[in-house]
Number of protein chains: 2
Amino acid sequence: MKRVTINDIAQICGTSKATVSYVINGRVSKVSPEMVRKVEEAIKATGYVPSLSAKSLAGKGSKLIGVIIPQMDVSKKMIFENPFYSEFISGIEYYLRNAGYSIVLRVVNSDNCFADMMMKWNLDGAVVFGIDNDKMLQILGSYKVPTLLIDSYITHKDFYKMNLRDEEASFMATNLLIQDGHEKIALVTGKIDKSVLLSKRLDGYKRALKENNIPFEERFIFQGDVTYEYGFSVSQKIVAQADITAVVATADILAFGIMNYLQLDGKKIPDDFSIIGFDDTYQAKIMYPKLTTVGQNISKRGEMAGEIILNIIHDSQKEKETLMSCEIIKRDTTKVLKSAE
Amino acid sequence: MKRVTINDIAQICGTSKATVSYVINGRVSKVSPEMVRKVEEAIKATGYVPSLSAKSLAGKGSKLIGVIIPQMDVSKKMIFENPFYSEFISGIEYYLRNAGYSIVLRVVNSDNCFADMMMKWNLDGAVVFGIDNDKMLQILGSYKVPTLLIDSYITHKDFYKMNLRDEEASFMATNLLIQDGHEKIALVTGKIDKSVLLSKRLDGYKRALKENNIPFEERFIFQGDVTYEYGFSVSQKIVAQADITAVVATADILAFGIMNYLQLDGKKIPDDFSIIGFDDTYQAKIMYPKLTTVGQNISKRGEMAGEIILNIIHDSQKEKETLMSCEIIKRDTTKVLKSAE
DNA sequence: TTGAAAGCGCTAACAC
DNA sequence: GTGTTAGCGCTTTCAA
């Protein structure tokens with residue numbers, strides 16, 4: 001079936017491309033009502049669908065938004081092991097779908113891939129996850145493509161970004177445990193020096209201790225990959241430090257690993273250990289026991305990201321930075337420390 | 001920064017667009033080595049990236065593969081609650097990324113959305129999930145876009161598809177439980193009459209019973225949504241039928257719901273109930289206890305889907321149907337029935 | 001080996 | 001109101 005073009009429609013209606021283009025784009029005021037009707041009929045009859053390649057070439061939008069996940073770590077190939085992305089992207093997709101856009105999903109693993117992405121497909125905009133790296137920013141900045149940065153702690157004023165109040169969130173998490181009577185609290189996290197986000201979470205952890213006059217101890221900080229596996233393997237070390245009674249994990253996925261190890265090790269959660277995670281991924285509520293965590297309403301954030309990127313594209317986004325709060329979702333992995341009861 | 005075009009490169013090198021086009025597309029034999037070098041240099045120097053809109057308009061590929069998830073149920077907006085999609089798409093993305101393609105992700109909720117997807121973006125191909133519906137097939141068929149159907153049980157000979165040996169897989173799952181001494185085995189599944197896939201799984205379940213001379217009983221079949229929530233809520237009914245000792249769930253996500261209810265209800269898994277799931281999603285191994293399930297190596301399947309769709313596009317895919325086997329992943333939610341020990 | 005030019009489907013300025 | 005036309009960036013045929 002040969003493609004039906006705007007020309008065909010024009011021919012059928014005995015008019016010109018321009019007129020058809022007008023009605024397609026809703027500039028109905030420039031066309032006689034009768035012509036409008038005729039064109040609309042022809043479109044329906046032929047099943048005509050405008051080519052966005054052509055539209056995009058002609059300088060209008062491609063109706064394509066890039067969702068870009070940098071993954072410098074080449075060894076990891078799967079983006080969705082961390083359910084955070086899945087849920088976030090679900091939200092973006094949902095919002096943009098309703099606005100007539102589609103998502104181009106891409107993992108990029110080298111600095112200059114952005115150029116490719118942006119230019120190749122004439123993206124109308126891009127949502128980019130977790131960039132702290134200056135090289136990348138520079139590259140991103142050199143393209144005029146409207147961009148929204150998710151969870152990127154950068155100081156450049158000219159980027160739009162959407163972040164969490166990470167310090168505060170981490171403070172709340174730690175504080176919850178402290179209020180439950182815990183004092184020896186482990187922090188299990190990704191590599192802090194590589195991520196401003198994580199260092200914020202460390203700050204919040206420290207502040208909670210400080211405000212409660214609990215001394216900070218380096219030995220309670222465990223850094224590794226943000227994976228289930230790391231959570232699992234590091235748990236041995238946590239158990240080895242006999243005085244630890246609670247742990248803050250900076251991602252649910254870490255918490256799952258910890259939980260699983262402890263349970264396999266015969267420990268009771270939350271009786272022997274209180275655990276609080278971070279993110280409130282979908283899985284948090286399907287675990288047993290259900291994970292207490294710092295909720296960030298991921299899919300809602302995704303939807304909002306969709307909204308913001310569209311605003312940026314339409315030049316109607318005011319705030320450069322959108323800061324979102326978290327809330328503690330108290331479920332079944334934390335409880336008052338026995339000795340403090 | 002204005003876009004660098006093929007014209008700019010031509011100008012810089014003092015040649016024509018055609019020549020530049022040749023070297024871009026590797027038809028180096030038609031160009032003098034010296035010119036090739038010059039052009040390549042200019043490309044590097046300017047950071048030129050070909051526009052796929054233009055390329056696609058000119059009749060070449062868009063390097064865009066649609067990944068389409070039909071979701072007629074409008075109320076559900078999130079595609080990634082079922083981790084199956086996440087993992088599968090991860091695999092597709094990984095494979096296609098390495099081949100220079102990107103993925104356009106789209107949930108479609110009405111029949112004619114396909115047209116939009118395919119035509120709007122001049123997709124080079126499409127991977128479409130779970131279509132049994134004839135109307136849709138008809139629409140899909142009328143477009144010449146190379147298409148791969150995932151888990152669609154259809155008889156049309158002219159579609160490429162990639163399926164599981166569902167009957168066999170379900171047989172194996174049920175049989176495992178039977179070999180462990182179980183006879184009263186529940187089957188928790190989606191609505192069977194709406195899905196040929198699920199009816200195959202029912203068939204496998206029945207065959208396993210039959211070959212072991214166990215009578216089939218309608219009261220052991222539980223149909224609902226393929227969600228955690230349904231798994232959770234239906235468990236009450238399962239517990240109510242005091243003789244049931246094991247359950248086959250046709251999706252891991254269902255199994256999770258069941259596990260969680262049972263554990264909350266004070267039941268021991270696998271001591272009181274043996275459970276086997278389906279899919280081997282990532283979560284299966286992070287649960288406690290780890291879920292025994294029928295593995296289909298989802299992300300591998302995704303990669304293969306990427307390979308196949310590319311083959312179809314390049315006209316080198318021979319088999320219309322790719323059938324994949326499953327294997328039992330024995331973990332910790334099944335065990336020999338006590339009374340049978 | 002290289003270049004000129006037509007055409008892919010669409011938009012928008014401009015003329016009628 | 002409507003039609004004409006010149007691009008948008010690229011490929012490809014055909015000549016040179």
Side-chain angles (χ1 to χ4, degrees), chain A residues 1-39 42-43 46-64 115-116 118-124 144, chain B residues 1-39 42-43 46-64 115-116 118-124 144:
Chain A
M1 195 168 66
K2 223 187 139 300
R3 176 173 201 119
V4 180
T5 75
I6 198 173
N7 254 323
D8 300 329
I9 304 290
Q11 217 128 59
I12 292 173
C13 301
T15 182
S16 70
K17 298 195 295 183
T19 305
V20 177
S21 176
Y22 286 143
V23 346
I24 289 172
N25 294 292
R27 318 237 199 135
V28 189
S29 61
K30 312 196 77 174
V31 184
S32 71
E34 189 193 4
M35 197 71 240
V36 172
R37 202 188 41 69
K38 263 173 94 176
V39 169
I43 289 178
T46 54
Y48 164 73
V49 179
S51 155
L52 282 176
S53 299
K55 196 170 201 156
S56 149
L57 228 206
K60 311 309 285 184
S62 62
K63 296 286 182 187
L64 240 27
D116 270 45
M118 306 269 179
M119 305 308 279
K120 253 187 186 164
W121 286 287
N122 287 104
L123 300 183
D124 286 351
K144 285 279 177 289
Chain B
M1 194 167 68
K2 224 187 137 301
R3 176 172 203 122
V4 180
T5 74
I6 198 172
N7 254 323
D8 300 329
I9 304 290
Q11 217 128 59
I12 292 174
C13 301
T15 183
S16 70
K17 300 194 295 183
T19 307
V20 177
S21 176
Y22 287 145
V23 348
I24 289 172
N25 294 292
R27 317 229 197 147
V28 189
S29 60
K30 312 196 78 176
V31 184
S32 71
E34 190 192 4
M35 197 70 241
V36 172
R37 201 188 41 70
K38 265 173 92 174
V39 170
I43 289 177
T46 54
Y48 164 73
V49 179
S51 155
L52 282 175
S53 300
K55 196 170 202 158
S56 148
L57 228 206
K60 312 307 286 184
S62 62
K63 294 287 182 187
L64 240 26
D116 269 45
M118 306 270 179
M119 304 309 278
K120 253 189 185 161
W121 286 287
N122 288 105
L123 300 182
D124 286 351
K144 284 277 176 292

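All of these numbers come straight from a predicted model, not from anything done at the bench.
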**Q** In this structure, how many angstroms lie between the P atom of C:dC10 and the CG atom of A:D8, rounded?
**A** 9 Å
**Q** Provide the closest heavy-atom pair for A:K30 versus A:Y22 in the form atom of the first, atom of the second, distance.
**A** NZ-OH, 3.9 Å
**Q** Rounding to an integer number of Å, can you tell me how far A:I6 CD1 sits from D:dT5 P?
**A** 16 Å
**Q** Side chain of B:S51 only, please: which of D:dT2, D:dG9, C:dC10 is the nearest?
**A** D:dG9
**Q** Measuring only between side-chain heavy atoms, which start at C-beta, is B:V31 closer than 4.5 Å to B:K38?
**A** no
**Q** Rounded to the nearest Å, what distance is computed from the NZ atom of residue A:K60 to the C1' atom of nucleotide D:dC8?
**A** 12 Å
**Q** Report the distance from atom CG of B:N7 to atom P of D:dG9, rounded to the nearest whole Å.
**A** 8 Å
**Q** So does A:K30 get a side-chain nitrogen or oxygen closer than 4.0 Å to the phosphate oxygens (OP1/OP2) of C:dA12?
**A** no
**Q** Report yes if a side-chain nitrogen or oxygen of B:T19 is closer than 4.0 Å to either non-bridging phosphate oxygen (OP1 or OP2) of C:dG3; otherwise report no.
**A** yes
**Q** Identify the heavy atoms of A:S53 and B:S56 that sit nearest to each other, and give their distance.
**A** OG-OG, 2.8 Å
**Q** So, OP1 or OP2 of C:dG9: does either fall under 4.0 Å of a side-chain N or O from A:T5?
**A** no
**Q** Roughly how many Å is it from CG in A:N122 to P in D:dC8, rounded to a whole number?
**A** 14 Å
**Q** To check you understand the geometry: which heavy-atom pair defines the closest contact between B:K63 and B:D124, and what is its length?
**A** N-OD2, 2.6 Å
**Q** Atom CE of A:M119 and atom P of D:dC8: how far apart are they, to the nearest Å?
**A** 15 Å
**Q** Counting side-chain heavy atoms from CB outward, which of C:dC14, D:dG9, C:dT11 is closest to A:Y22?
**A** C:dC14
**Q** Quick check on C:dC8: is either OP1 or OP2 less than 4.0 Å from any side-chain nitrogen or oxygen of B:S56?
**A** no
**Q** Using whole Å, report how far CD of B:E34 lies from C1' of C:dT2.
**A** 13 Å
**Q** When you compare the side chain of B:I24 with that of B:I43, does any pair of heavy atoms fall below 4.5 Å?
**A** yes
**Q** Please give, in whole Å, the distance from D:dG9 C1' to B:L52 CG?
**A** 11 Å
**Q** Classify the nucleic acid contact of A:K55 as base, sugar-phosphate or nothing, counting any heavy atom under 4.0 Å across all strands shown.
**A** sugar-phosphate
**Q** Heavy atoms only, 4.0 Å cut-off, all strands: where does B:S21 land among base, sugar-phosphate and nothing?
**A** base
**Q** If you pin B:V31 and B:L57 to their nearest nucleotides in DNA chain C, which one's is more 5'?
**A** B:V31
**Q** So if I take every side-chain heavy atom of B:A18 and compare against D:dT5, D:dC10, C:dG3, which nucleotide ends up nearest?
**A** C:dG3
**Q** Using a cut-off of strictly less than 4.0 Å, decide whether A:N25 has a side-chain nitrogen or oxygen near OP1 or OP2 of C:dT11.
**A** yes
**Q** Look at the side chain of A:R27 and decide which nucleotide, out of C:dA12, D:dC10, D:dT2, has an atom nearest to it.
**A** C:dA12
**Q** Would you indicate what B:G14 reaches in the nucleic acid, counting non-hydrogen atoms under 4.0 angstrom: base, sugar-phosphate, or nothing?
**A** sugar-phosphate
**Q** Please tell me which of A:K17 and A:P33 maps to the more 5' nucleotide of DNA chain D, matching each residue to the nucleotide holding its nearest heavy atom.
**A** A:P33
**Q** Could you check whether any side-chain heavy atom of B:V4 comes within less than 4.5 Å of a side-chain heavy atom of B:I9, counting everything from C-beta outward?
**A** yes
